[in-house]
Amino acid sequence: MGPAGSEQQPAFKGYIESVREILRMPATTADPNIPAKRVTAEYCAERFAKPPKNVTMLTRDFIGDSLYNPSYGYFSKQALIFSPKEGYDFPRFRDSADFLNTIGRQYEEIERELDDIRSIPRQLWHTPTEILKPWYGYSVAQHIVRQHKADQDGRPDGGSPLTVYEMGGGNGTLMMNILDYIREHEPGIYSRMEYNLIEISPKLAKQQVSQQARKH
């Protein structure tokens, strides 16, 4: 208790003032004398060739701009999907270490080629769709067909056509493996089905359409 008549001060007053000071700080330290402007990913894609400074964004715009900006986005400029020309002949590998060593050597070869022709850093990455093709896609297709048949069981009209949606189709490998499997094993379903790819990258979307046009 303080002296009579003195004003009581909360013990956490200093903490509150610190928080208030942080909230008053500019959103970026690029130039605190310039008011920060809120921008969207679409705005940055149209106007900036490099990541902007002294701007604010909603989290969704920051993520979209960082990943997909056509000039500096990760997936647009720095990421390359590792995709062997042919699927691996798995029985020929002695064990998992032999398999991983084979992938590692192929990684090194591709990275050396990129070092020779690229002026910006790139990251080579892979997905199970590419490493385990076509078997990964075939297993997904089996599940899709099984579920579709169960959903249509007993319908007098034969049921509705199979409709597939894939978000972020990469090189289009999964789509091709699924369509190949259904065409071979379920031609009746294949003849009526619809496959939809949802893709934000114009470059990948063009590649996916080209893949599908060649075989399906």
Side-chain angles (χ1 to χ4, degrees), residues 9-85 100 103-133 136 165-176 195-212:
Q9 297 292 333
F12 49 85
K13 179 177 182 296
Y15 170 77
I16 293 177
E17 289 302 320
S18 297
V19 172
R20 288 174 176 168
E21 182 63 26
I22 291 173
L23 294 176
R24 286 194 293 267
M25 289 181 179
T28 174
T29 58
D31 187 347
N33 298 316
I34 303 176
K37 176 181 180 179
R38 173 172 288 182
V39 296
T40 64
E42 290 77 11
Y43 180 91
C44 294
E46 294 174 356
R47 295 173 179 263
F48 297 124
K50 295 181 179 180
K53 297 181 179 180
N54 199 52
V55 298
T56 62
M57 298 183 191
L58 296 177
T59 301
R60 68 187 182 210
D61 285 304
F62 173 75
I63 294 174
D65 185 59
S66 300
L67 295 181
Y68 300 111
N69 185 287
S71 297
Y72 51 79
Y74 173 77
F75 285 116
S76 301
K77 291 295 184 180
Q78 300 183 44
L80 180 68
I81 301 174
F82 175 72
S83 181
K85 293 181 180 179
L100 293 176
I103 294 177
R105 288 193 296 270
Q106 292 179 339
Y107 260 57
E108 292 176 356
E109 293 172 2
I110 296 176
E111 287 176 340
R112 282 196 295 269
E113 293 177 3
L114 292 176
D115 288 342
D116 293 338
I117 63 175
R118 303 293 183 184
S119 60
I120 60 175
R122 296 183 73 90
Q123 180 178 346
L124 188 64
W125 62 290
H126 68 271
T127 68
T129 296
E130 301 290 350
I131 297 298
L132 304 177
K133 68 181 181 184
Y136 184 88
Y165 289 90
E166 181 185 352
M167 298 181 65
N171 290 333
T173 301
L174 181 61
M175 170 189 66
M176 297 302 293
Y195 202 104
N196 301 276
L197 274 170
I198 302 171
E199 179 59 62
I200 194 172
S201 166
K203 178 181 178 181
L204 289 177
K206 183 178 180 180
Q207 182 174 337
Q208 293 156 9
V209 171
S210 176
Q211 282 254 53
Q212 187 179 25

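These figures come from a predicted structure and were not determined experimentally. Heavy-atom basis, side chains included; hydrogens, waters and symmetry copies ignored. By convention here, the first residue in the shown sequence is residue 1.
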Q: Check Gln211 against Gly172 and note the closest heavy-atom contact, atom names and distance.
A: NE2-C, 4.2 Å
Q: Taking atom CG of Asp65 and atom OG of Ser71, what is their separation to the nearest 0.5 Å?
A: 9.5 Å
Q: If you look at every heavy atom in Gly170 and Glu199, which pair is closest and at what distance?
A: N-OE1, 3.7 Å
Q: Mind listing the closest non-hydrogen atom pair of Thr173 and Lys133 along with its distance?
A: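 That would be CG2-CD, 3.8 Å.
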Q: Where do Glu166 and Asn196 land on the side chain to side chain contact (heavy atoms under 4.5 Å, CB included) test, with the steps shown first?
A: CA-CA 6 Å; Glu166 181 185 352; Asn196 301 276; over 6 Å; no
Q: Distance from Ile131 atom CD1 to Ile103 atom CD1, nearest 0.5 Å?
A: 4.0 Å
Q: Looking at every non-hydrogen atom in both residues, tell me the closest pair between Cys44 and Met57 and how far apart they are.
A: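 Looking at all heavy atoms of both residues, the closest pair is SG-CE, 3.5 Å.
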Q: Please report the closest heavy-atom contact between Tyr72 and Pro52, naming both atoms and the distance.
A: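 Scanning both residues, the minimum pair turns out to be OH-CD, 3.4 Å.
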Q: I'd like to know if the side chain of Ser66 and the backbone of Phe62 have a donor-acceptor N/O pair within less than 3.5 Å.
A: yes
Q: So does Tyr195 have more than 12 non-hydrogen atoms from other groups sitting under 6.0 Å from OH?
A: yes
Q: So, do Val55 and Arg38 sit near enough that their side-chain heavy atoms are less than 4.5 Å apart?
A: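 Not in contact.
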Q: Look up atom CG in Leu197 and atom CD in Gln212, then write down how far apart they are to the nearest 0.5 Å.
A: 7.0 Å
Q: Passes side chain to side chain contact (heavy atoms under 4.5 Å, CB included), Asn171 versus Gln207? Steps please.
A: CA-CA 7 Å; Asn171 290 333; Gln207 182 174 337; 3.2 Å; yes
Q: Taking atom CD1 of Ile200 and atom CD1 of Ile198, what is their separation to the nearest 0.5 Å?
A: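 Ile200 CD1 to Ile198 CD1: 11.5 Å, rounded to 0.5 Å.
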Q: Return the minimal non-hydrogen interatomic distance between Ala41 and Gly64, and the atom names on each side.
A: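 That closest heavy-atom pairing would be CB-C, 4.3 Å.
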Q: Say you draw a straight line from CG of Asn69 to NZ of Lys50; how long is it, rounded to the nearest 0.5 Å?
A: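 Asn69 CG to Lys50 NZ: 13.0 Å, rounded to 0.5 Å.
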Q: Can you find a heavy atom in the side chain of Glu42 that is under 4.5 Å from one in the side chain of Asp61?
A: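 Yes, close enough: below the 4.5 Å cut-off.
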Q: From Leu67 CG over to Tyr74 OH, what is the distance, rounded to the nearest 0.5 angstrom?
A: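 OH of Tyr74 is found 9.0 Å from CG of Leu67.
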